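Bear in mind the structure is a predicted one, so any value in this text is a computation, not a measurement.
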Amino acid sequence: MKILCIFASRSYETDWNKVKRVQGHTDIPLNEYGRHLARETAKGLKETRIDLAITSPLIRAKETAQIILGTRQIPLLEDPRIKEIGFGEYDGGAVSRAFGFFFNGPGEYIGRKGAGTIEELYERTGDFLKELCEKEEWQQKNILISTHGAAMTALLNRIRGSLSVESFWQEKVPPNCSVTTVQIENGVPCIV
């Protein structure tokens, strides 16, 4: 049994990305450049068969998936397990020295009130990946997944076999507009 997952990494640019504001669970739409990048990705994937799409419920990921899908008449499912990590009171603020640990020293990062943890992110994205690998009706499907930078990193780290918080960003955050292809064969995901 095979599943080909096309992870359209990260919802594309928003106005908050542009001015380096912390953006987690806050529901910020794409800006025009973000929509342009999604349209470019759509062009790159136009010859790729997509049978199903799964998106984070945040508007920036959902809009990214809708633009990539274009006129394709396929199901678009929302799944909160691939939502971005929540940054609590950091959300909406400028990237500060304390928040900088999230990227530069994730083992030392301490979220503010209402923030999620990398361990929690690993748990919920891992649960999503497990279902993706095991769900019978998704076998032999090409599935587009539209998510976010940290959620995507957690998924890819799990596939690589690394659940370390300290080296969470070892492979760097996937850039806006990147696409990663994962093949799942016999329940085992592999980055293609």
Side-chain angles (χ1 to χ4, degrees), residues 5 7-30 34 54-65 77-135 143 145-176 178-180 182 184 187-191:
C5 300
F7 290 109
S9 169
R10 299 187 70 181
S11 49
Y12 300 114
E13 188 181 89
T14 69
D15 287 339
W16 279 22
N17 291 130
K18 201 172 180 178
V19 295
K20 302 207 182 317
R21 287 178 72 184
V22 176
Q23 167 174 267
H25 284 178
T26 304
D27 214 3
I28 305 299
L30 298 176
I54 305 171
T55 182
S56 153
L58 296 176
I59 190 66
R60 58 193 185 268
K62 194 171 175 181
E63 188 177 2
T64 297
L77 309 176
E78 290 183 25
D79 195 313
R81 295 174 295 179
I82 57 172
K83 190 174 181 179
E84 185 57 292
I85 190 170
F87 296 117
E89 292 179 351
Y90 283 123
D91 236 12
V95 175
S96 65
R97 184 174 179 275
F99 178 78
F101 282 116
F102 180 72
F103 289 105
N104 302 315
E108 300 173 47
Y109 169 72
I110 299 170
R112 287 196 178 160
K113 184 179 177 186
T117 66
I118 291 174
E119 291 91 346
E120 291 166 343
L121 181 64
Y122 271 137
E123 185 176 327
R124 67 179 161 85
T125 57
D127 184 55
F128 170 80
L129 185 62
K130 183 177 188 299
E131 180 181 0
L132 190 64
C133 291
E134 295 175 354
K135 197 162 187 167
I143 302 172
I145 298 169
S146 183
T147 186
H148 308 274
M152 180 69 183
T153 298
L155 285 163
L156 295 176
N157 284 351
R158 182 170 290 278
I159 292 168
R160 292 182 185 109
S162 171
L163 297 180
S164 164
V165 171
E166 290 75 21
S167 59
F168 186 76
W169 299 110
Q170 183 174 328
E171 300 291 328
K172 309 276 188 259
V173 65
N176 288 341
S178 65
V179 174
T180 301
V182 172
I184 300 171
V188 179
C190 178
I191 299 169

Side chain of Asn157, backbone of Phe168: donor and acceptor closer than 3.5 Å? yes
Checking Thr153 side chain against Val173 main chain: does a donor-acceptor pair fall under 3.5 Å? no
Partners meeting side chain to side chain donor-acceptor pair (under 3.5 Å) with Ser56 (sequence neighbours left out): His148
Partner residues of Trp169 under the ring pair (Phe, Tyr, Trp, His ring centres under 6.0 Å) criterion, sequence neighbours left out: Phe102, Phe103
Using modelled atom types and a 3.5 Å cut-off, is there a donor and acceptor pairing between side-chain atoms of Ser167 and backbone atoms of Gln170? no
Taking Thr147 for its side chain and Ile82 for its backbone only, find out whether a donor-acceptor pair lies under 3.5 Å. yes
Please name all residues satisfying ring pair (Phe, Tyr, Trp, His ring centres under 6.0 Å) with Tyr90, sequence neighbours left out, ordered by chain then number. Phe99
Filter on salt bridge (charged side-chain N to carboxylate O under 4.0 Å, His left out), then keep only pairs touching residues 81-92, sequence neighbours left out; what's left? Asp79-Arg81, Arg81-Asp127, Arg81-Glu131
Under the side-chain contact (heavy atoms from CB on, under 4.5 Å) test, residues paired with Ile191 that sit two or more places apart: Leu156, Ile159, Arg160, Thr180, Val182
For Glu78, the side-chain contact (heavy atoms from CB on, under 4.5 Å) test, sequence neighbours excluded, returns Thr55, Pro57, Lys62
Indicate yes or no for a side-chain donor-acceptor contact from Arg60 to the backbone of Leu30 under 3.5 Å, with no hydrogens or angles considered. no
In a table with atom names and distances, give each donor-acceptor pair under 3.5 Å that connects a side chain of residues 104-119 to protein atoms at least two apart or in another chain.
residue: Asn104; atom: ND2; partner: Gly100; partner atom: O; Å: 3.3
residue: Thr117; atom: OG1; partner: Glu120; partner atom: N; Å: 3.0

Closest heavy-atom contact between Arg158 and Tyr122? NH2-O, 3.0 Å
